[in-house]
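Reading through the structure tokens given below for one structure.
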Amino acid sequence: MDDKLMLMIPGPTPVPEQVLLAMAKHPIGHRSGDFSKIVAEVIENLKWLHQTQNDVLILSASGTGAMEAGIINFLSPGDRVLVGCNGKFGDRWAELSKAFGLQVETITADWGQALDPETFRSVLEADTEKTIKAVIITHSETSTGVLNDLETINRYVKAHGEALIIVDTVTSLGAINVPVDEWGLDVVASGSQKGYMIPPGLGFVVVSPRAWQAYATAKLPRFYLDLGKYRKDAAKNTTPFTPPVNLFFGLQAALRMMKAEGLDNIFARHQRLTTATRAAIKALNLPLFAADSAASPAITAVAPDRVDAEQIRAVMKKRFDIVLAGGQDHLKGKIFRIGHLGFVSDRDILAAIGALEATLQELGYESVSLGAGIAAAAKVLANS
Ligand SMILES: *Cc1c(COP(=O)(O)O)cnc(C)c1O
């Protein structure tokens with residue numbers, strides 16, 4: 001049954017009916033007063049979501065477009081940057097930085113492990129000449145379900161005093177606390193199809209006053225993604241180029257829903273969904289790919305040892321219309337990933353775990369005792 005399709009992937013994430021309905025309209029002129037009112041409201045609410053007074057700029061781009069804008073506006077060819085790599089998206093930061101001629105030094109961890117903040121500390125402390133221009137990391141590494149310790153790494157960046165901190169918060173924003181101003185994050189990039197509960201198509205970049213200072217002297221070429229243009233136009237509640245107007249209708253509705261729920265409730269819900277999912281997976285004797293101490297609030301990666309992960313995904317889709325994500329690159333076939341980001345409720349987790357149990361049964365996975373996963377998840381959901 002097509003209409004029953006349930007997306008449990010880390011983007012695109014499910015979209016609430018209110019948001020779908022808000023988008024189901026004729027577009028309006030993007031230079032109209034009506035559209036400016038929407039822009040004004042969404043900018044204000046985006047600042048609320050990011051806990052910031054900094055500029056929040058809206059791009060017609062996917063998350064990677066926001067990442068690219070976060071590099072080319074603040075750096076110059078040959079600049080030395082430290083990039084944290086422990087998964088597909090950390091690697092993307094490194095590739096992107098190399099593509100623009102930056103001098104990239106990576107700090108790596110195995111896929112499934114968190115980046116070690118102490119390695120950042122020692123490299124930053126050794127840089128007495130202050131040649132490191134930026135530290136670039138992925139907060140929630142979607143490819144592995146690992147949450148990196150942004151708060152601690154950022155503290156070491158602040159102690160360095162010169163480098164900017166540039167962060168991909170694509171699957172942490174709207175799932176876990178990312179207090180942009182309190183932590184002093186300089187450049188924060190995200191995308192609409194993740195925690196925002198709207199379809200793909202918008203990228204967001206938050207820029208600190210320190211980053212704007214760097215912008216003034218940054219020499220990488222930029223045009224469509226020149227954030228100075230977006231800043232100037234945001235001040236007039238407009239955008240430099242034609243934006244996907246209907247996505248703005250959806251964004252307006254989604255942000256209103258998020259405000260009504262409240263940040264603390266949103267974070268608590270994601271924590272609860274994460275804990276319940278992980279408890280269920282453990283109760284089913286399936287190995288979790290990331291440790292509890294580094295669990296992403298958006299995605300749980302599972303590394304089944306006796307069943308092919310792709311087979312599990314195929315049965316989940318065919319029999320239950322539930323879409324799980326697979327592994328990327330060398331993890332293909334080795335892990336599957338359950339997304340619990342955005343418009344996801346307790347009920348969705350129970351449904352997914354129940355379907356997973358039935359799938360494992362169908363595939364003859366012997367160490368599953370039917371009901372154990374549901375019981376473990378239900379217990380967490382009842383007590384938190
Ligand atoms: C989804 C995602 C992105 C952006 O990918 P796009 O396909 O360009 O939207 C970037 N970083 C992380 C961690 C992601 O999960």
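In listed order, ligands and their atoms are each counted from 1. Along the sequence shown, residues carry numbers from 1.
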Between Lys158 and Asn154: side-chain donor-acceptor atoms closer than 3.5 Å: yes
Distance only, no hydrogens: is a donor on one side chain within 3.5 Å (strictly under) of an acceptor on the other, for Asn148 and Asn86? yes
Counting only heavy atoms not in Glu44, do more than 12 sit closer than 6.0 Å to its CD atom?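 Count not over threshold, so no.
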Side-chain contact, heavy-atom cut-off 4.5 Å: Lys282 with Asp292? yes
As a test of reading the model: which residues have a non-hydrogen atom less than 4.0 Å away from ligand 1?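 The answer is Ser62, Gly63, Thr64, Met67, Phe89, Arg92, Thr138, Ser140, Thr142, Asp168, Val170, Thr171, Gln193, Lys194, counting any residue whose heavy atom sits under 4.0 Å from ligand 1.
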Does the ring of Tyr224 carry Lys229 above it, NZ/CZ under 6.0 angstrom from centre and within 45° of its axis? no
Can you see which heavy atom on Phe241 is nearest to which on Arg31, and at what distance? N-NH2, 4.3 Å
